[in-house]
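For reference, the structure is listed below as structure tokens.
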Amino acid sequence: MNTCSNDYGRELATLECIVHFEVVYPHESKELRGLIFLNEGEKPSERDFLDMFQSMGFKLKIEDREELVFKPAEAGAAYSLIRIRRLDTGEKTYKEDQELRSLLTHLLPGESRPI
């Protein structure tokens, strides 16, 4: 974590946000990662994503803001879309493992009965 000063002379923490995304090609998909620097408490903006992709050589336009799906801005691109899968800002997040829950539901008895 780095620090920088704002207009009021206070130091702000600069955080790294790792962007996990998928590039969809005609016959395959590739999982890649990018990096965005944010001030503490900020969330990445559409412009942050577009700038990150631009620096990686992807010229994109937003297709679906809610699902974070981007399409090539130029005709003839080798890929058909890019989809952001996950953002990692270093904060702890909880994601329930649906497969584990299903497995435990089927293996464990539904009611506790005395033996």
Side-chain angles (χ1 to χ4, degrees):
M1 177 166 48
N2 302 317
T3 59
C4 61
S5 296
N6 65 7
D7 293 338
Y8 305 105
R10 293 189 320 216
E11 285 191 358
L12 297 173
T14 303
L15 305 173
E16 295 177 351
C17 176
I18 301 169
V19 180
H20 299 260
F21 62 95
E22 171 187 27
V23 182
V24 179
Y25 293 92
H27 301 291
E28 67 177 333
S29 294
K30 291 186 179 179
E31 297 285 331
L32 299 174
R33 293 178 298 213
L35 187 63
I36 296 175
F37 292 97
L38 301 169
N39 290 325
E40 191 170 12
E42 287 183 355
K43 300 284 185 205
S45 68
E46 182 179 315
R47 175 59 27 211
D48 292 326
F49 292 128
L50 291 171
D51 289 345
M52 177 199 71
F53 287 129
Q54 178 76 28
S55 71
M56 298 174 79
F58 295 107
K59 294 181 180 161
L60 301 170
K61 60 184 176 185
I62 188 89
E63 178 76 11
D64 185 334
R65 284 180 173 79
E66 287 185 32
E67 297 294 322
L68 296 175
V69 175
F70 299 82
K71 294 271 185 159
E74 298 176 334
Y79 55 93
S80 59
L81 67 88
I82 291 181
R83 179 181 302 117
I84 294 176
R85 293 293 192 189
R86 185 168 57 95
L87 301 176
D88 181 1
T89 58
E91 297 175 2
K92 287 187 176 182
T93 57
Y94 172 76
K95 183 178 177 186
E96 185 175 290
D97 187 337
Q98 294 295 331
E99 290 177 19
L100 179 60
R101 176 183 276 286
S102 176
L103 183 65
L104 290 174
T105 301
H106 288 87
L107 292 176
L108 297 175
E111 298 176 15
S112 297
R113 291 181 256 168
I115 299 178

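Keep in mind it's a predicted model, so treat the numbers as computed, not measured.
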Original post:
Taking a hydrophobic cluster as the set of Ile, Leu, Val, Met, Phe, Trp and Tyr residues connected by side-chain heavy atoms closer than 4.5 Å, whether directly or through intermediates, do L32 and Y25 fall within one such cluster?
Top reply: yes
Original post:
With hydrophobic residues grouped by side-chain heavy-atom distances under 4.5 Å, do F21 and V69 end up in a single group?
Top reply: no
Original post:
At their closest point, which heavy atom of F37 faces which heavy atom of L35, and how far apart are they?
Top reply: CZ-CD2, 3.6 Å
Subject >> Distance in Å, K43 NZ paired with L87 CG, rounded so as to fall on 0.5 Å steps >> reply: 8.5 Å
Subject >> Check against side-chain contact (heavy atoms from CB on, under 4.5 Å), F53 and I84 >> reply: CA-CA 11 Å; F53 287 129; I84 294 176; 4.2 Å; yes
**OP:** Measure the spacing between SG of C17 and CZ of F49 and express it to the nearest 0.5 Å.
**Re:** 6.5 Å
Subject >> D64 side-chain N/O to E67 backbone N/O, donor-acceptor pair under 3.5 Å >> reply: yes
**OP:** Just jot down the side chain to side chain donor-acceptor pair (under 3.5 Å) partners of D51, sequence neighbours excluded, or say none.
**Re:** R47
**OP:** State, with a plain yes or no, whether a side-chain heavy atom of L81 is found less than 4.5 Å away from one of E63.
**Re:** no
Original post:
Should the heavy atoms of other residues, nucleotides or ligands under 6.0 Å from CD of E31 be counted, would the total exceed 12?
Top reply: yes
Original post:
So, do V19 and P44 sit near enough that their side-chain heavy atoms are less than 4.5 Å apart?
Top reply: no
Subject >> Test log, rule ring-ring contact (aromatic ring centres under 6.0 Å, His included), inputs F70 and F58 >> reply: CA-CA 10 Å; F70 299 82; F58 295 107; over 10 Å; no
Subject >> Nearest atoms (heavy-atom pairs only) where A78 meets P26 >> reply: O-CD, 3.3 Å
Subject >> salt bridge (Lys or Arg N to Asp or Glu O under 4.0 Å) partners for R33, two or more places apart >> reply: none
Original post:
With K30, which residues qualify under salt bridge (Lys or Arg N to Asp or Glu O under 4.0 Å), at least two apart?
Top reply: none
Subject >> Candidates D48, L15, I18 - the one meeting side-chain contact (heavy atoms from CB on, under 4.5 Å) with I36 >> reply: D48
Subject >> Reported CZ-to-CD distance for the pair R83 and E22, which is rounded to 0.5 angstrom >> reply: 5.0 Å
Subject >> Heavy-atom check, side chain of V24 versus side chain of I82, under 4.5 Å >> reply: no
Original post:
What's the verdict on side-chain contact (heavy atoms from CB on, under 4.5 Å) for L38 and T14, showing C-alpha distance, side-chain angles and the deciding distance?
Top reply: CA-CA 5 Å; L38 301 169; T14 303; over 6 Å; no
